[in-house]
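In what follows, residues are counted from 1 in the order of the sequence shown.
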Amino acid sequence: MIFNVQYVTRVNMNSKIVECVPNFSEGRRKDVIDAIAKAISDTAGCTLLDVDPGVATNRTVYTFVGAPDVVVQAALAAAKTAYQHIDMKKHAGEHPRMGALDVCPFIPISNVSMDECVDCSVNFAKQLSEALSVPVFLYEFASRKEYRKSLSQIREGEYEGLEKKLSLPEWMPDFGPARFVPQWGATVTGARKFLIAYNVNVLGIKEQAHRIALNVREQGRGPGQEGRLKSVKGLGWYLDDQSIAQISMNLTDYETTPIHVAYEECCKDAKELNIAVAGSEIVGLVPLKSMLMAAEYYIQKEGLFVLDEQLKMRLVIDRLGLSSLKHFKPEEKIIEYRLGRDGSGLVNLSVRKFVESIGARSSAPGGGSAAACIASIVCPT
């Protein structure tokens, strides 16, 4: 980890919480990555959860939470800092991009509606365009035009094609000037559901990884050649610093296509191509539910007996190879753990969870606690 992200002991889940996940086009210069992180963490009321830089992609994903107005101000502070340090004229990396702050989504987490997150994105777009005089587009739930609703639609042509794109009437930005700003490019912001950025590693070349991505992603190769997995976007690239290729996917609805399904489908295609899979990678944070879904899949598939949640996490990390590139720490990568999920002590456990903790293959609660629980059941007041 580059920036020293502080662990979160507890976030009040009864308050309004919005998650913001800006992607900045810088993944190699530690001082710039840290400066942007500091701008976020210095915003009063904002909690920085994760900083995930990529050298080959030359891109860093930041994750932070707070009240709606707070996350807007934190995103604005981060963008202003990036404006001082990032020059898109010099940028190169494996990941598609069109701006220094490439995309800045707002996601509802607790007691917040999607409409409120749309308001966050519109407010952010307005303030960003006024502060830096840069073009800003709205996407997903904030989009005002159906033909430019998805990020891929707006980002088509990337930075290199942006100057020509901005000259077309149908691509006038939602906020800011309809002119090319070479240093910055353009920014996309909006509101969306929780997304899992998930990469599967293969010991092959970029073209092989991309072939698998075309097979599995929902869009496939185009009309009439759709892929197998719903709610999945994907492409293939090569990581020079790791000497591996990756099938890079965005799981836009992890309940429709869970991470373990995406992994297993990629493994099937890799086997047909006679190339090895070398684990996988989650970029940013992941919901606990998605990890538990994967654990249940492997427990059922292999006929295992695993009750303890920590052991389930270890099982998923092993089966998906989540530590293949860098050590996967559940306390850092699972959003509920980072938010300080309620229920860390015995007093907060339900009877069911308490009994499961006694039967788990781990240190159990003391005998006095167990006796008290049984007494309360046998002799209720």
### Query
If you measure from the Lys or Arg side-chain nitrogens to the Asp or Glu carboxylate oxygens, is any gap between Lys89 and Asp87 under 4.0 Å?
yes

#### Entry: Test log, rule side-chain hydrogen bond (donor to acceptor under 3.5 Å, both in side chains), inputs Gln73 and Asp69
CA-CA 6 Å; Gln73 291 309 307; Asp69 58 331; over 6 Å; no

### Query
Thr189 and Tyr139: side chain to side chain contact (heavy atoms under 4.5 Å, CB included), yes or no, with the steps?
CA-CA 6 Å; Thr189 187; Tyr139 85 126; 5.6 Å; no

### Query
Around Gln225, counting heavy atoms of other residues, nucleotides and ligands shown, do more than 12 lie under 6.0 Å from its CD?
yes

### Task
Please tell me if the side chains of Leu49 and Leu285 come closer than 4.5 Å, counting only heavy atoms from C-beta onward.
yes

### Message
Between Glu331 and Arg338, does any side-chain N to carboxylate O distance fall below 4.0 Å?
### Response
no

### Query
Are Val136 and Leu162 connected, step by step, through hydrophobic side chains (Ile, Leu, Val, Met, Phe, Trp, Tyr) whose heavy atoms are closer than 4.5 Å?
yes

### Message
When you compare the side chain of Arg192 with that of Ile107, does any pair of heavy atoms fall below 4.5 Å?
### Response
yes

### Query
How far apart are the closest heavy atoms of Ile40 and Ala74, and which atoms are they?
CG1-O, 4.1 Å

### Query
Does the ring center of Trp184 lie less than 6.0 Å from the ring center of Tyr159?
no

### Message
Under 4.5 Å between side-chain heavy atoms, counting indirect links through other Ile/Leu/Val/Met/Phe/Trp/Tyr residues: same cluster for Val261 and Met249 or not?
### Response
yes

### Message
Assess whether a salt bridge exists between Arg97 and Glu158, defined as any Lys/Arg side-chain N lying under 4.0 Å from an Asp/Glu carboxylate O.
### Response
yes

#### Entry: Stepwise side chain to side chain contact (heavy atoms under 4.5 Å, CB included) check, Phe175 with Leu128
CA-CA 9 Å; Phe175 291 90; Leu128 178 67; over 6 Å; no

### Query
Quick one: do Asp241 and Arg28 make a salt bridge, cutoff under 4.0 Å?
no

### Message
Contact between Val65 and Leu339 at the side-chain level, heavy atoms closer than 4.5 Å - yes or no?
### Response
yes

### Query
Is the shortest heavy-atom distance from the side chain of Cys46 to the side chain of Ser41 under 4.5 Å?
no

#### Entry: Residues Arg59 and Asp102 bridged, charged N to O under 4.0 Å
yes

### Query
Do the charged groups of Glu226 and Arg221 touch, with an N to O distance under 4.0 Å?
no

### Message
If we count only N and O atoms by modelled type, under 3.5 Å, do the side chains of Thr81 and Gln84 hold a donor and an acceptor together?
### Response
no

### Task
Pick out which of Arg228, Gln208, Arg211 makes a side-chain hydrogen bond (donor to acceptor under 3.5 Å, both in side chains) with Asp269.
Arg228

### Message
Between Val277 and Cys266, is there a side-chain heavy-atom distance shorter than 4.5 Å?
### Response
no

#### Entry: Non-neighbouring partners of Glu130 that pass salt bridge (Lys or Arg N to Asp or Glu O under 4.0 Å), sequence neighbours left out
Lys126

### pair Pro22-Phe64: side-chain heavy atoms closer than 4.5 Å
yes

### Task
Provide the full list of ring pair (Phe, Tyr, Trp, His ring centres under 6.0 Å) pairs with a residue in residues 211-258, sequence neighbours left out, each pair given once.
His95-Trp237

### Same cluster (ILVMFWY, side-chain, under 4.5 Å), Met114 and Leu195
no

### Message
Between Asp52 and Lys333, does any NZ, NE, NH1 or NH2 come within less than 4.0 Å of an OD or OE carboxylate oxygen?
### Response
yes

### Task
Indicate yes or no: at least one non-hydrogen side-chain atom of His91 is less than 4.5 angstrom from one of Asn58.
yes

### Task
If a pair satisfies ring pair (Phe, Tyr, Trp, His ring centres under 6.0 Å) and one of its residues is in residues 258-277, list it, with sequence neighbours excluded.
His260-Tyr297

### Message
Closer than 4.0 angstrom, basic N to acidic O: yes or no for Glu296 and Lys312?
### Response
yes

